[in-house]
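If you're wondering where the values come from, they're calculated on a predicted model, not measured in any experiment. Because only heavy atoms are used, hydrogens play no part in the values below, and waters and symmetry mates are left out as well, while side chains stay in. By convention in this document, chain letters (A, B, ...) are assigned in the order of the sequence lines, proteins followed by strands, and residues within each chain are numbered from 1.
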Protein chains: 2
Amino acid sequence: MNIGEIARRAGVSRSTVSVALSGKRPVSEETRRKIQRVIDELGYRPNASARALANGRTNTIGLVFPPAGNHYTGMQLDFIGSVVEAAAAHDYDVLLSPSGVDSDRSFQRMLGERRVDGAILMEIRLEDDRVDHLAALGFPSVAIGRTAHPEGTWWVGLDHTALAAACVHHLADLGHRRVAFVNRPEQLLRAGYESAHRGLDGFTKAAAERGLTVRTYCCGDDAASGQACLEQILLDDPATTALVTLNEAALGGLYRGLAQAGRHVPRDFSVTGVVAGRWAETVTPQLTAADVPAEEMGRHAVDLLVERIDQPDAPPRHHLLAPPISLRASTGPGTGTPSTETR
Amino acid sequence: MNIGEIARRAGVSRSTVSVALSGKRPVSEETRRKIQRVIDELGYRPNASARALANGRTNTIGLVFPPAGNHYTGMQLDFIGSVVEAAAAHDYDVLLSPSGVDSDRSFQRMLGERRVDGAILMEIRLEDDRVDHLAALGFPSVAIGRTAHPEGTWWVGLDHTALAAACVHHLADLGHRRVAFVNRPEQLLRAGYESAHRGLDGFTKAAAERGLTVRTYCCGDDAASGQACLEQILLDDPATTALVTLNEAALGGLYRGLAQAGRHVPRDFSVTGVVAGRWAETVTPQLTAADVPAEEMGRHAVDLLVERIDQPDAPPRHHLLAPPISLRASTGPGTGTPSTETR
DNA sequence: CAGCACTATCGAACCGGTTCGACAACGCTC
DNA sequence: GAGCGTTGTCGAACCGGTTCGATAGTGCTG
């Protein structure tokens, strides 16, 4: 069923059907009803490809997300879900693009072949050629995270510097003096991932400010790595009494490592960090953490992107979020002399 | 840049450019090189909408996934990731469609407006009108899960009946006599979700076969519900020594509930169930479970769907997976008289 | 009732590709 | 050297919409 068939059955021209549907020109009430009746009868829906071809809009946004190689975290899942919902509210679909090994290929598909009207980029790096590339093209896009030079670009970000610092201050206030930092995997840090860098930065500066003794670690995105990382921490400095982590996927492993070393949380050891709230609540004791507002970030990103698509010349906008630390049950007073009994 | 511009600069007709690109007719080597040079120079890529309109194929598959309302589980995340990768390997994009409150709306968008060549349906119900609808339309689709009458349809499923039964046998072999079953939320069970029903079925039958005393529970998809559910289990029958769960999101809460009731896992209480392997390893002790092969399911689903798109008249195919139980650390001998000390 | 404005509709052109029949140029056979 | 098949290219039609200038019909004004 195409628009010509509808027109024939309603006894009008194709353009009249088009106009009746779009409302861009006046159509008599009688004609409109006649057309509507035929449409309802046949269950007609205009072909998206044809429409996209004619008016240069696909009504689809691209979501460029990290390859499955790095494991997904709960935060990313929540984010994807909220993007899809927010997009639906604006009448947009979401096309997924793995920015994997040959990120160029899928990038070319989405942009070069004009499959999408705009794109949301996840897992931003401080120096990100994708952002630069899109900026040069003037292609509507919103980055999740901010590059080293975010001026003139559109983005929604988490203030990892401030959040990591807040974690440090929280621990310092509790009396902890020897604190470890558990970052994302080394390869991501080396690749320049924004959250890993700014988080490390915020941690290091705040720790220096408070005169803490610190060690920083990179840790794979899985439980086994978390456990190994924790063993290393206690090996390097058994007097460590707390840690801050950005690594959601390693959290379960960190907890396991602590349990096996006989350190009770929070009595002997405090744990905090930056983690999506829903996932902070799955561990026992529940994690005191800066809750990543994935849902809010998704909504903001879509809102900004749609705004930018609608008005290509609007001045750049952004949102920098810094949620407060949610006090749960994984941090407590630091004694300076942790009990070291093994079970 | 469109195909006409390329043709003009290469001094040939539009059809020659098209043919040179598709290779569907012979083109002289010289002409081909001339065209290729111009294309490389200008970075031309054919417009996806125009191509889709012309040959009736969008090269996109739709992934109909559950609304954000039900919390996402790690398994779903892994699944989505693998679908995207497998699709990319077949040169397909993936369009996400929330099958939310007004599932019809997004369904209509994807199918009615021909945005996709085929669809993968998640969260199947025993009686699923979406599956029936698509079958009636003859629209290529693959269901993740099988309906009550899967004959004649394409699907990839997990044998929840067998898996739940395997969990029961594992526990019975260890000597457990009083076992609880923790299912997905009640609203999902009532709505007829396949995994919830078949899992419950397999559990109940196997338990009867082994003469176990059982109670079954529905539990919300979050840690707090898991904790509450566990309290209820011990309240209803303090002599319970083991549980089987399908509810990945509640797992952390179940563990917390056990810890707070002073039941040590696996010494006093055994836990097992059907959970994605990666997530079974995040809890301590690591969960002995039938590992949901989300990655494999995603690959299979895409392979089947692409096959069906390419040959619309092929006979229905399916994959029923029943991974073995991975022995980890959360189950142990059932004493019949559990210790009930509180800490 | 001529002139005008306004409303409703039509037809043609266009978006950017693909497909296919027509045809020219060429080499081969008999 | 007439007849034939092959190869390479072109032009027109088509996919299913949207847009816009042209035009017919209507009611109002002076």
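- For the atom pair B:R9 CZ and B:E41 CD, the distance stands at 7.5 Å (nearest 0.5 Å).
- Here the P atom of nucleotide C:dT19 and the CZ atom of B:R51 are 10 Å apart, to the nearest Å.
- Here C:dC15 presents its P atom at 9 Å from CG of A:L53, a figure rounded to the nearest Å.
- Taking atom CZ on B:R33 and atom C1' on D:dT9, their separation rounds to 17 Å, with Å as the unit.
- At most 12 heavy atoms of other shown residues, nucleotides or ligands fall within 6.0 angstrom of atom CZ in B:R37.
- Distance B:N55 CG to D:dG16 C1': 14 Å, rounded to the nearest Å.
- With D:dT19, C:dG17, D:dG17 as the candidates, the nucleotide lying closest to the side chain of A:N47 is D:dG17.
- Atom C1' of nucleotide D:dC14 and atom CD1 of A:I3 are separated by 16 Å, given to the nearest angstrom.
- For A:K24 and D:dT18, the shortest distance from a side-chain N or O to OP1 or OP2 is not below 4.0 Å.
- A close approach under 4.0 Å does not occur between any side-chain nitrogen or oxygen of B:S49 and OP1 or OP2 of C:dG17.
- Picking from C:dC10, C:dG16, D:dG17 the nucleotide with the shortest atom distance to the side chain of A:S13 gives C:dC10.
- Across D:dT18, C:dA8, C:dT19, the shortest atom-to-atom separation from the side chain of A:S18 is found for D:dT18.
- Between D:dT9, C:dG17, C:dC20, one nucleotide has an atom nearer to the side chain of B:T16 than all others, and that is D:dT9.
- For the residue pair B:H90 and B:D303, a side-chain donor N or O sits within less than 3.5 Å of a side-chain acceptor on the partner.
- A side-chain contact (heavy atoms from CB on, under 4.5 Å) with B:I61 holds for exactly one of B:L95, B:I120, B:D93, B:V84; it is B:I120.
- Taking the side chain of B:P46 as heavy atoms from C-beta on, and the options D:dG16, C:dG17, D:dT9, the nearest nucleotide is C:dG17.
- Positionally, the nearest nucleotide of DNA chain D for B:S15 lies more toward the 5' end than for the other of A:G4 and B:S15.
- Taking CG of A:D78 as the start and CD of A:E295 as the end, the distance is 8.5 Å to the nearest 0.5 Å.
- Each of B:Y44 and A:R25 was assigned the nucleotide of DNA chain C with the nearest heavy atom; the assignment lying further toward the 5' end belongs to A:R25.
- Taking atom CZ of residue A:R14 and atom C1' of nucleotide C:dA13, one finds them 11 Å apart after rounding to whole Å.
- Taking atom NZ on B:K34 and atom P on D:dG8, their separation rounds to 13 Å, with Å as the unit.
- At whole-Å resolution of the value, CZ in A:R32 and C1' in C:dT7 are 13 Å apart.
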